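Okay, structure first, notes after.
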Amino acid sequence: MRRVVITGAGTVNALGHDVPSTCEALREGRCGITELDFRDVERLAIRIGGQVRGWDPEAHFNRQQIALYDKFTQFTLLAARQAIGQSGLSFDGQLGVTSGVVLGTAAGGVNTWDENYRTVYEEGKNRVHPFVVPKLMNNAAASHVSMEWNLRGPSFTVATACASSNHAMGQAFWLVRAGVATVMVTGGSESMLCFGGVKAWEGLRVMSKDACRPFSANRNGMVQGEGAAVFVFEEYEHARRRGAEILAEVVGFAMTADAGDIVMPQAAGAERAITGALRDAGLNPEDVGYINAHGTGTAANDKTECAAVAHAFGHHADRLMISSTKSMHGHLIGGTGAVELIACIMALKDGVIAPTIGYEEPDPECALDVVPNVAREAKVGAVLSNAFAFGGLNAVIALKRV
Amino acid sequence: MAESVKDRVIRIIAEQAVLDVADVKMDSTLEALGIDSLGLVESIFAIEEAFDIQVPFNANNPKDSEFDISSVGAIVRAVEGLVAEQHA
């Protein structure tokens with residue numbers, strides 16, 4: 001089987017509009033969660049989120065493009081430009097035929113749904129813009145990336161709620177490893193921070209009104225974020241021959257289903273995904289130095305995740321570090337695993353472990369080293385990134401230092 | 001005569017639990033009635049709609065919420081309080 005390496009990374013999220021600024025914020029333990037700012041926010045009970053600040057579509061796209069790109073597509077295209085630019089690849093020749101794009105999103109163009117429902121229901125109009133459907137469809141972002149970069153191989157979108165990005169990156173990894181594709185552009189994006197998007201989440205009553213405090217005994221819920229992260233997954237020999245800079249190697253992936261409850265997570269399903277990723281990677285538990293947790297800051301996720309990690313790693317669970325960067329960038333739902341992979345690459349490449357900020361009180365049910373509040377320097381050889389979705393669909397990805 | 005707060009709350013809970021109204025007692029717990037966390041959130045939504053009130057409830061930590069859900073009776077009293085307060 002072929003080896004798979006990451007040769008490019010890009011992102012737009014509440015912490016920054018590129019990878020260097022995002023890593024700087026992660027190192028400093030800076031919080032990107034602020035007061036939400038959009039139409040009708042005063043009618044919401046939840047008014048905080050990891051909103052992308054200073055977003056100026058005109059700086060990146062022309063007027064015709066903006067008419068066609070929902071915000072989740074805009075975020076994706078900018079992140080893809082950064083990632084592919086860093087990789088130095090061009091797909092105009094034969095490489096484009098054997099390369100594709102697979103992206104995750106839970107809900108696609110939510111802003112487009114919201115704005116146009118407002119037009120027909122609230123304003124009572126009977127006509128909408130002709131591009132509503134191509135703008136809101138879940139695969140819009142993947143299709144526009146394929147068109148902008150001439151990627152003509154296997155391309156699709158994965159929607160598994162909060163695990164969408166990890167599932168997408170897992171597919172990209174397996175496609176390259178199996179020899180189906182030479183390069184896969186992969187990651188995910190989400191943009192639900194609008195009145196209808198947040199109102200829907202309010203209904204479930206799992207959102208915090210003040211902060212995301214994963215693993216802390218006084219945690220009181222999740223905080224939503226928005227943005228995208230995109231990576232270039234490339235076959236190792238192809239990258240080596242052209243002398244590309246390798247950010248990390250993707251070594252394992254596993255996915256499982258709890259087959260239990262539509263919202264309550266179960267430790268057994270999470271644990272099987274973790275041990276499955278280790279097995280797929282050929283890693284021993286002791287090889288793993290860091291886990292980027294799903295760590296949503298809800299009562300249910302954090303204790304279930306800690307139980308799964310403790311059980312999967314045995315004694316080594318007390319020696320590894322596990323942090324939730326959602327405390328800083330918020331929960332990007334279908335895009336979250338992609339942004340969190342940046343923290344994993346930073347751990348391997350720069351030897352900096354991003355902290356769990358907002359940590360105030362130890363919780364005996366989350367008794368692991370959660371890297372509270374302050375980043376840590378540590379040399380780690382292998383890392384995992386967890387994603388456990390509503391609907392009990394779990395996806396864990398394993399990376400190694402090259 | 002209009003239905004009392006108590007009878008209306010019991011009717012909502014009975015419907016959620018798929019039980020007869022007579023089987024929902026004031027000292028019953030939601031757990032004993034077979035209402036899980038999702039059923040609870042749905043019941044609270046139905047209560048908010050029925051009485052046009054806001055119920056202070058966070059599913060992350062039901063026990064620490066200001067809204068007492070320890071029994072059907074506790075819920076009825078809490079809803080009576082909210083109705084009096086928010087419709088004053």
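Small disclaimer: the values here were computed from a predicted structure and weren't measured. Throughout, protein chains are lettered first and strands after them, A, B, ... in sequence-line order, and every chain is numbered starting at 1.
Proximity to chain B involves both the backbone and the side chain of A/Leu204, based on heavy atoms less than 4.5 angstrom apart. At a 4.5 Å heavy-atom cutoff, the contact between A/Met264 and chain B is made by side-chain atoms alone. Contacts of A/Val206 with chain B are made by both backbone and side-chain atoms, with heavy-atom separations under 4.5 Å.
Electrostatic pairing of A/Glu340 and A/Lys326 counts as a salt bridge here, judged by a charged N lying under 4.0 Å from a carboxylate O.
A/Glu271 and A/His311 are linked by a side-chain donor-acceptor pair at a separation below 3.5 angstrom, with hydrogens and angles left out of the test. For the residue pair A/Asn111 / A/Ser191, a side-chain donor-acceptor distance below 3.5 Å is found, with atom types taken as modelled.
Among pairs with a residue in residues 31-48 of chain B, those fulfilling salt bridge (charged side-chain N to carboxylate O under 4.0 Å, His left out) read A/Arg205-B/Glu48, at least two apart in sequence or across chains.
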Extract all donor-acceptor atom pairs below 3.5 Å that involve side chains of residues 6-14 of chain B and protein atoms in other chains or at least two apart in sequence.
residue	atom	partner	partner atom	Å
B/Asp7	OD2	B/Ser4	OG	3.4
B/Arg11	NE	B/Glu3	OE2	2.7
B/Arg11	NH2	B/Glu3	OE1	2.9

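Residues of residues 50-59 of chain B having a heavy atom under 4.5 Å from any heavy atom of chain A, listed by number: B/Val55, B/Phe57, B/Asn58, B/Ala59.
A centroid separation of less than 6.0 Å is found between the aromatic rings of A/Phe390 and A/Trp201.
Take A/Arg118 and apply the salt bridge (Lys or Arg N to Asp or Glu O under 4.0 Å) test, not counting sequence neighbours, and it matches A/Asp40, A/Asp114, A/Glu122.
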